[in-house]
Amino acid sequence: MSDQNSRERRNPIGPTTRTVGENVRRVREASRLTQAQLATRLAENGHPIPVSSIGRIESGGRRVEVDDLVALAIALGVGPLALLLPDSRLPSDAVELTGWGTVQAAEAWMWGASAVPLVLDGSVEDMESEVHAAHRMSGPWWLEAPYVRVADVTSQVQKVRLSLHDETAEEVFLPGLKVEAPQTPKE
């Protein structure tokens with residue numbers, strides 16, 4: 001048995017590898033690129049990936065190294081999170097994260113954007129402390145996203161969580177996104 005097959009048996013392909021493959025295909029097709037055109041872009045950018053390997057990535061049959069992920073994102077004209085995190089229609093969609101399990105899409109994306117730590121529990125004061133800690137550890141000191149304020153994040157997380165568990169909530173607001181939640185009939 002080859003070392004590659006032995007390694008895959010010990011560490012099977014997980015949900016993030018499948019997600020990256022699905023997202024590469026989704027973004028490539030939305031960009032009206034063929035696999036061959038994507039392979040050409042990658043080669044021109046100095047990180048060649050053969051067409052056959054792109055097909056295996058898209059089908060979830062090939063692992064994606066971190067360098068591959070960055071090169072694919074650049075070649076496709078998107079940020080790495082567009083390939084790394086699950087695409088979903090609604091913030092309440094259940095998505096799977098390797099090493100964690102299932103979470104709601106809104107929480108996965110806010111975590112991926114370093115807006116909040118993956119687990120937020122406790123009081124508002126605790127939440128603010130956790131958000132501050134996540135910001136300090138998730139990027140260089142000089143990078144402070146102008147669109148992210150702790151109070152806003154705290155409010156957003158509370159609204160998302162309430163609306164996902166309260167069917168009477170009228171709307172859910174996420175940065176740059178307004179999603180109408182189901183309304184109950186008024187009497």
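- Note that the CG atom of Leu69 and the CG atom of Leu81 stand 9.0 Å from one another [nearest 0.5 Å].
- Contact annotation: the side chain of Leu85 approaches that of Leu97 to within less than 4.5 Å [non-hydrogen atoms, C-beta and beyond].
- Of all heavy-atom pairs between Arg41 and Ala75, the closest is NH1-O, 2.8 Å.
- When side chains are defined from C-beta on, Leu83 counts as touching Val24, because their heavy atoms get closer than 4.5 Å.
- Rounding to the nearest 0.5 Å gives a distance of 6.5 Å between CG of Leu76 and CG of Leu33.
- Minimum interatomic distance between Arg89 and Asp93 (heavy atoms only, all atoms of both residues): N-OD2, 3.0 Å.
- Hydrophobic cluster membership is shared by Leu84 and Val103, with clusters built from Ile, Leu, Val, Met, Phe, Trp and Tyr side chains linked at under 4.5 angstrom.
- With rounding to the nearest 0.5 angstrom, the OG atom of Ser92 is 7.0 Å from the CD atom of Gln104.
- Atoms OG and CD1, from Ser59 and Ile13 in turn, are 8.5 Å apart once rounded to the nearest 0.5 Å.
- Heavy atoms only, all atoms of each residue included: Pro50 and Ala39 are closest at C-CB, 4.5 Å.
- Ile49 and Val51 end up in different hydrophobic clusters when Ile, Leu, Val, Met, Phe, Trp and Tyr side chains are linked at under 4.5 Å.
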Original post:
Going through the checks in order, is the side-chain contact (heavy atoms from CB on, under 4.5 Å) test met by Leu38 and Gln35?
Top reply: CA-CA 5 Å; Leu38 177 57; Gln35 290 178 348; 5.6 Å; no
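- Scanning all heavy atoms of the two residues, the minimum distance from Arg32 to Gln37 falls at O-OE1, 3.8 Å.
- Closest approach of Ser88 to Ala105, counting heavy atoms only: OG-CB, 3.1 Å.
- For the pair Asp67 and His47, the minimum side-chain heavy-atom distance is below 4.5 Å.
- Rounding to the nearest 0.5 Å gives a distance of 12.5 Å between CZ of Arg63 and CD1 of Ile57.
- No side-chain heavy atom of Pro48 sits less than 4.5 Å from a side-chain heavy atom of Leu42.
- Put simply, the side chain of Thr102 does not reach to within 4.5 Å of the side chain of Val95, judged on heavy atoms.
- Note: Arg28 CZ to Glu58 CD = 4.0 Å, rounded to the nearest 0.5 Å.
- When side chains are defined from C-beta on, Arg26 counts as touching Asn23, because their heavy atoms get closer than 4.5 Å.
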